[in-house]
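Note that ligands are numbered from 1 as they come in the structure, with each ligand's atoms numbered from 1 the same way.
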Amino acid sequence: MHTITLIPGDGIGPEISEAMRRVVESTGVKIEWDVQEAGADVMDKYGTPLPDHVLDSIKKNKVAIKGPITTPIGSGFRSVNVALRKELDLYVNLRPAYSLKGVKSRYEDIDLIIVRENTEDLYAGIEFEQGSKEANELIEFLKTRGARMRFEDAGISIKPISISGSERIVKFAYEYARREGRKKVTAVHKANIMKYSDGLFLRVSREVGERYPDIETEDRIVDNMCMQLVQKPELYDVIVCPNLYGDIISDLCSGLIGGLGMAPGANIGEEHAVFEPVHGSAPKYAGLNKVNPSALILTSVLMLKHIGEREAADRIFKATSEVIAEGKHVTYDLGGTAGTSQMADAIIDKILS
Ligand code: NAD
């Protein structure tokens, strides 16, 4: 029996979580779900969108799967998703992107793994508001160090990239490549411009790459990488990126495979793992039984593999691929008319047949 924290989330989260849970249970795998609420809805009750008991549940169970959680823009509400990654030091954001038959896309045969660093870079949360005392002090300090800004009425976000942070993410990418029989790791950077942050990331990736002679090592400048992914995605295999480029490139890769409704993801640390789809809470579709549950269902496949339930994972993957390929019981984004729960029913029928 596995005990797993389930955070349904908000917006479309609860309905896709329910679909995922029914699909996972249909395989017969023994899971006890420790259901925990987080996000804006618990704010009034606990004074925080991420109460301690939710974190404690993940710390105890080591594994969680979650639906998306809305981050209201400009409200001072801290993103629960970013907070979880920080609190649990989930330094890897793993986002596979693969083509499935039956999904309309401009591309076929996409098979990419994006390994995104999850804790550093411009997401470190070190920011100074324009006009604040701290921003002005920093600007004055920078002047004493010969760093001139074109305009001083600037807000400032700091981009820390460390040897330790780069080393562990790049190592994860190579270990993953080795374990999954992948051939190549491509490091993404803008080292020609940001010599001391991206330059460091590039240097460390090359050093780590030398320790894995069985895996090909290469690197690409991020802008070129975007163009190459659009023109020749078949040239790439495992792609390792600092946080911000990883965020953008993984959405680009979701586009290559036919949209966010299909993109699974995982946040992994040394001790804990939180599995979640790439997409957000799509509030306009909330409660309509309309959206595609595949991304969260495919996310559960990653989770089941992580806990050693490979057979259940393979059955879910096969059933989901078949339902999508047949195209009869699929949601609007896949060209069908089925609702979220009907698509889940069709996947369950396949698993049980
Ligand atoms: P979104 O991913 O929620 O939705 C963008 C659009 O993509 C939707 O309007 C819909 O057309 C489509 N889409 C997304 N998921 C789909 C699905 N399962 N099936 C079919 N179509 C789907 O992105 P957004 O509108 O930028 O963000 C909405 C909220 O979600 C924001 O508050 C954001 O902060 C939050 N968010 C949360 C997470 C997370 O919890 N990890 C991730 C991304 C965004």
Side-chain angles (χ1 to χ4, degrees), residues 5-20 23 36-43 49-50 54 58 64-88 90 92-95 100 103-105 114 116 118 123 243-244 246-248 250-255 257-268 273-300 302-303 320 323-324 329-344 347:
T5 303
L6 170 61
I7 304 174
D10 54 33
I12 58 170
E15 49 205 288
I16 56 173
S17 295
E18 185 53 26
M20 177 279 296
V23 168
Q36 298 288 341
E37 304 294 338
D41 297 350
V42 304
M43 197 67 187
L50 182 59
V54 178
I58 305 174
I65 184 159
K66 68 176 276 290
I69 294 176
T70 306
T71 309
I73 295 171
S75 62
F77 176 109
R78 209 170 146 222
S79 161
V80 170
N81 311 305
V82 174
L84 266 178
R85 292 169 200 165
K86 274 198 173 165
E87 294 285 342
L88 300 169
L90 305 171
V92 181
N93 188 197
L94 183 68
R95 293 178 165 183
L100 286 178
V103 182
K104 269 215 196 74
S105 166
I114 293 90
R116 168 189 171 193
N118 229 358
Y123 287 69
N243 208 334
L244 179 62
D247 193 12
I248 297 166
S250 54
D251 265 35
L252 188 158
C253 292
S254 303
I257 59 159
L260 284 170
M262 303 302 306
N267 298 292
I268 303 169
V274 176
F275 294 83
E276 63 177 346
V278 173
H279 68 71
S281 57
K284 69 178 177 195
Y285 292 120
L288 301 180
N289 187 37
K290 199 168 154 59
V291 295
N292 188 351
S294 300
L296 187 58
I297 291 172
L298 295 170
T299 296
S300 78
L302 294 178
M303 179 197 77
T320 309
V323 166
I324 293 170
H329 304 285
V330 295
T331 46
Y332 76 96
D333 54 315
L334 298 175
T337 54
T340 309
S341 58
Q342 287 72 40
M343 186 165 174
I347 295 170

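The shortest distance between side-chain heavy atoms of Ile65 and Met20 falls below 4.5 Å. Asn267 places none of its side-chain heavy atoms less than 4.5 Å from the side chain of Val92. Taking 4.5 Å as the limit, some side-chain heavy atom of Ser294 sits within range of a side-chain heavy atom of Ile324. Taking 4.5 Å as the limit, some side-chain heavy atom of Leu100 sits within range of a side-chain heavy atom of Leu298. Counting heavy atoms from C-beta on, the side chains of Pro68 and Ile16 come closer than 4.5 Å. A heavy-atom distance below 4.5 Å is not found between the side chains of Ile297 and Met343. Between Val291 and Asp333, every side-chain heavy-atom pair lies at or beyond the 4.5 Å cut-off.
Under the 3.5 Å distance criterion, the side-chain polar atoms of Asn289 are matched with a main-chain donor or acceptor of Thr340. Here the side chain of Gln342 pairs a donor or acceptor atom with the backbone of Gly339 at under 3.5 angstrom. A distance-only check finds no donor-acceptor pair linking the side chain of Asn292 to the backbone of Thr331 [under 3.5 Å]. A donor-acceptor contact shorter than 3.5 Å links the side chain of Asp10 to the backbone of Thr70.
Residue, atom and distance of the protein heavy atom nearest to atom 8 (C) of ligand 1 are Ala282 CB, 3.9 Å. At the top of the distance list for atom 41 (N) of ligand 1, counting protein heavy atoms only, stands Glu276 OE1, 3.0 Å. Protein heavy atom in closest approach to atom 44 (C) of ligand 1: Gly280 CA, 3.3 Å. Regarding atom 11 (O) of ligand 1, its nearest protein heavy-atom neighbour is Tyr285 CE1, 3.6 Å. Taking atom 30 (O) of ligand 1 as the reference point, the nearest protein heavy-atom neighbour is Ser281 N, 3.0 Å. Looking at atom 39 (C) of ligand 1, its nearest protein heavy atom turns out to be Asn81 ND2, 3.3 Å. Closest protein heavy atom to atom 35 (C) of ligand 1: Ile69 O, 3.6 Å.
Closer than 4.0 Å to atom 27 (O) of ligand 1 lies none of the heavy atoms of the protein. Counting protein heavy atoms under 4.0 angstrom from atom 24 (P) of ligand 1 gives zero. For atom 6 (C) of ligand 1, the nearest protein heavy atom lies 4.0 Å or farther away. Note that atom 15 (N) of ligand 1 has protein non-hydrogen atoms nearby, at separations under 4.0 angstrom. Within 4.0 Å of atom 3 (O) of ligand 1, at least one protein heavy atom is present.
By the side chain to side chain contact (heavy atoms under 4.5 Å, CB included) test, Asn81 pairs with Lys66, Ile69, Thr71, Ser79, Arg85, Glu276, sequence neighbours left out.
At least one heavy atom of Lys66 sits closer than 4.0 Å to an atom of ligand 1.
Interface atoms of ligand 1 facing Thr70, defined by a heavy-atom separation under 4.0 Å, are 32 (O). Distances below 4.0 Å separate heavy atoms of Asp333 from the following atoms of ligand 1: 20 (C). Below 4.0 Å from some heavy atom of Val278 lie the following atoms of ligand 1, by number and element: 42 (C), 43 (C). Near Lys284, meaning under 4.0 Å from one of its heavy atoms, ligand 1 places the atoms 9 (O).
On a distance-only criterion, Tyr332 and ligand 1 share at least one N/O pair closer than 3.5 Å.
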**Request:** In sequence, state the C-alpha distance, the side-chain angles, and the governing distance for Arg95 and Asp247, and then conclude on salt bridge (Lys or Arg N to Asp or Glu O under 4.0 Å).
**Result:** CA-CA 10 Å; Arg95 293 178 165 183; Asp247 193 12; 3.7 Å; yes
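Under 4.0 Å from ligand 1, heavy atoms of Thr71 appear from its side chain as well as its backbone. With a 4.0 Å heavy-atom cut-off, ligand 1 is reached by the side chain of Leu260 but not by its N, CA, C or O.
Looking at Asp10, Leu334, Leu84, Asn292 and measuring to atom 19 (N) of ligand 1, the nearest heavy atom belongs to Asn292.
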